[in-house]
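A quick write-up on the structure given underneath.
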Amino acid sequence: MTRDDTALSKTLSYWLRHKPESADLDLDPAGWARVDAVLAAFEAGGRRVDWETLLRVVETNDKARFELSADAGSIRARQGHSVTVAGDWSRSDPPDHLWHGTVERVWPAILAEGLQPMARHHVHLSPDPDTAARVGARRGRPVVLRVAAGRLAAAGHPFWVTGNGVWLAEHVPPDAITRS
Ligand code: HQG
């Protein structure tokens, strides 16, 4: 992604995950906004973005953060919301292990109370340790945690997987976490 596309992606994340009202956008219950309203919001903010540019940001986004509806009339964030959306992620049986990347300073809290969703709706888990290390590295030197997802699922904890391979859980108790 170019620098401009990254800036657009950040603005879209903010609108579609956190503050749709800041751009006068209405999200439907599943988190969809109308594409024409999004383009109008960019224009209102003094940044003309055309449809081809928006499509490129959706298609080349490094983490496939956004998706377009089948008719390409609507756009939404795939996950990571703080606004309430009724996710249509699929409930799914996870692999035996999933991974979470974090940093040293929060490890004592995680050890005491497990992984919490914090400002998001879900705990985000990665399918492999390398991805988790990249997630953790956003905040400092990464600490990678292994989560016994298969055992939790067998004990009745729900897991969901998003269209771009991010696993979601409600909470991960400390006894299911191993520091790797
Ligand atoms: C930590 C990005 C204290 C947790 C990434 C993390 C990912 C606790 C932070 C996606 C805790 C929350 C999600 C506890 C968890 N006490 N701290 N009990 N439990 N934490 O950003 O997983 O670019 O909400 O370890 O790449 O870091 O947005 O979650 O450090 O895929 O698309 O609290 O966000 O993707 O931070 O990242 P976040 P995350 P996007």
Side-chain angles (χ1 to χ4, degrees), residues 1-20 22-23 25 27 30-33 38 54-68 75-85 87-90 92 94-95 97-149 152 157-180:
M1 284 203 294
T2 65
R3 265 210 344 239
D4 280 358
D5 284 2
T6 301
L8 286 185
S9 166
K10 288 194 170 163
T11 302
L12 276 175
S13 286
Y14 183 66
W15 290 347
L16 298 177
R17 291 169 164 178
H18 306 302
K19 283 262 181 239
S22 70
L25 294 173
L27 302 193
W32 294 103
V38 168
L54 187 72
L55 189 63
R56 189 177 67 236
V57 169
V58 171
E59 286 183 343
T60 64
N61 194 265
D62 55 348
K63 290 214 216 119
R65 292 184 179 85
F66 312 107
E67 65 183 320
L68 289 166
I75 182 170
R76 69 173 170 182
R78 288 184 191 268
Q79 78 276 318
H81 302 84
S82 59
V83 295
T84 304
V85 294
D88 48 8
W89 311 292
S90 356
S92 191
H97 295 114
L98 289 169
W99 307 83
H100 181 84
T102 188
V103 283
E104 190 66 45
R105 64 181 176 276
V106 295
W107 169 238
I110 293 173
L111 195 57
E113 61 188 42
L115 290 168
Q116 302 285 357
M118 310 309 282
R120 304 190 194 244
H121 286 197
H122 297 95
V123 175
H124 286 222
L125 299 168
S126 305
D128 58 78
D130 289 348
T131 307
R134 282 197 296 277
V135 171
R138 287 151 56 236
R139 298 204 158 78
R141 192 144 71 85
V143 168
V144 173
L145 308 178
R146 193 180 72 181
V147 170
L152 289 175
H157 287 249
F159 284 82
W160 297 265
V161 64
T162 71
N164 58 353
V166 175
W167 285 84
L168 305 173
E170 290 170 342
H171 168 237
V172 176
D175 67 3
I177 299 170
T178 314
R179 187 168 165 166
S180 65

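Counting starts at 1 for both ligands and their atoms, following the listed order. Nothing here was measured: the structure is a model prediction, and the numbers come from that model.
With rounding to the nearest 0.5 angstrom, the CD atom of Glu170 is 11.5 Å from the CG atom of Leu152. Of the inter-residue distances, the one linking Leu54 atom CG with Glu59 atom CD reads 10.0 Å to the nearest 0.5 angstrom.
A side-chain donor-acceptor contact under 3.5 Å links Arg138 to the backbone of Val135. In terms of modelled atom types and a separation under 3.5 Å, the side chain of His157 and the main chain of Ala149 share no donor-acceptor contact. With hydrogens and angles ignored, the 3.5 Å screen pairs a side-chain donor or acceptor of Ser13 with a backbone N or O of Ser9. In this structure a side-chain-to-backbone donor-acceptor pair under 3.5 Å is missing from Ser180 to Arg146.
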Between Val147 and Leu115, does the side chain to side chain contact (heavy atoms under 4.5 Å, CB included) criterion hold? Intermediate values first, please. CA-CA 10 Å; Val147 170; Leu115 290 168; 4.1 Å; yes

List the steps and the verdict of side chain to side chain contact (heavy atoms under 4.5 Å, CB included) for Phe159 and Ser92. CA-CA 6 Å; Phe159 284 82; Ser92 191; over 6 Å; no

What do the steps show when you test Trp107 against Leu145 for side chain to side chain contact (heavy atoms under 4.5 Å, CB included), and what is the final call? CA-CA 10 Å; Trp107 169 238; Leu145 308 178; 3.5 Å; yes

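With a 4.0 Å cut-off on non-hydrogen atoms, His122 does not touch ligand 1 at all. Only the side chain of Arg138 comes within 4.0 Å of ligand 1, judged by heavy-atom distances. The backbone and the side chain of Gln116 each have at least one atom closer than 4.0 Å to an atom of ligand 1 (non-hydrogen atoms only).
Of the residues His121, His124, His122, the one that meets the ring-ring contact (aromatic ring centres under 6.0 Å, His included) test with Trp160 is His122.
Of all atoms in ligand 1, numbered sequentially from 1 with element shown, those under 4.0 Å from a heavy atom of Glu113 are 14 (C), 16 (N), 18 (N). Counting the atoms of ligand 1 from 1 in the order shown, those under 4.0 Å from a heavy atom of Ile110 are 8 (C), 11 (C), 14 (C), 19 (N), 25 (O). Remark: ligand 1 atoms within the under-4.0 Å shell around heavy atoms of His124 are 10 (C), 13 (C), 22 (O). Applying the 4.0 Å criterion to heavy atoms of Val106 picks out, from ligand 1, the atoms 3 (C), 17 (N). For ligand 1, the atoms sitting less than 4.0 Å from at least one non-hydrogen atom of Arg17 are 28 (O), 32 (O), 40 (P), numbered in the order shown with element in parentheses. Annotation for ligand 1: atoms under 4.0 Å from non-hydrogen atoms of Thr102 are 4 (C), 25 (O), 30 (O). Atom numbering of ligand 1 starts at 1 in the shown order; those under 4.0 Å from a heavy atom of Lys63 are 2 (C), 5 (C), 23 (O), 26 (O), 32 (O), 35 (O), 40 (P).
The closest protein non-hydrogen atom to atom 38 (P) of ligand 1 is Arg120 NE, 3.3 Å. Protein heavy atom at the shortest distance from atom 22 (O) of ligand 1 is His100 CE1, 3.4 Å. The protein non-hydrogen atom at the shortest distance from atom 8 (C) of ligand 1 is Met118 SD, 3.7 Å. The single protein non-hydrogen atom nearest to atom 31 (O) of ligand 1 is Val135 CG2, 4.0 Å, given as residue, atom name and distance. Scanning all protein heavy atoms for the shortest distance to atom 16 (N) of ligand 1 gives Ala109 CB, 3.4 Å.
Contact record, Phe66 with Arg78: O-NE, 3.6 Å, taken as the closest heavy-atom pair.
Remark: among candidates Arg139, Lys10, Gln79, Arg105, the nearest residue to atom 9 (C) of ligand 1 is Arg139, based on non-hydrogen atoms.
Some N or O of Gly114 is nearer than 3.5 Å to an N or O of ligand 1, by distance alone.
The shell of residues lying under 4.0 angstrom from ligand 1, judged by heavy atoms, includes Leu115.
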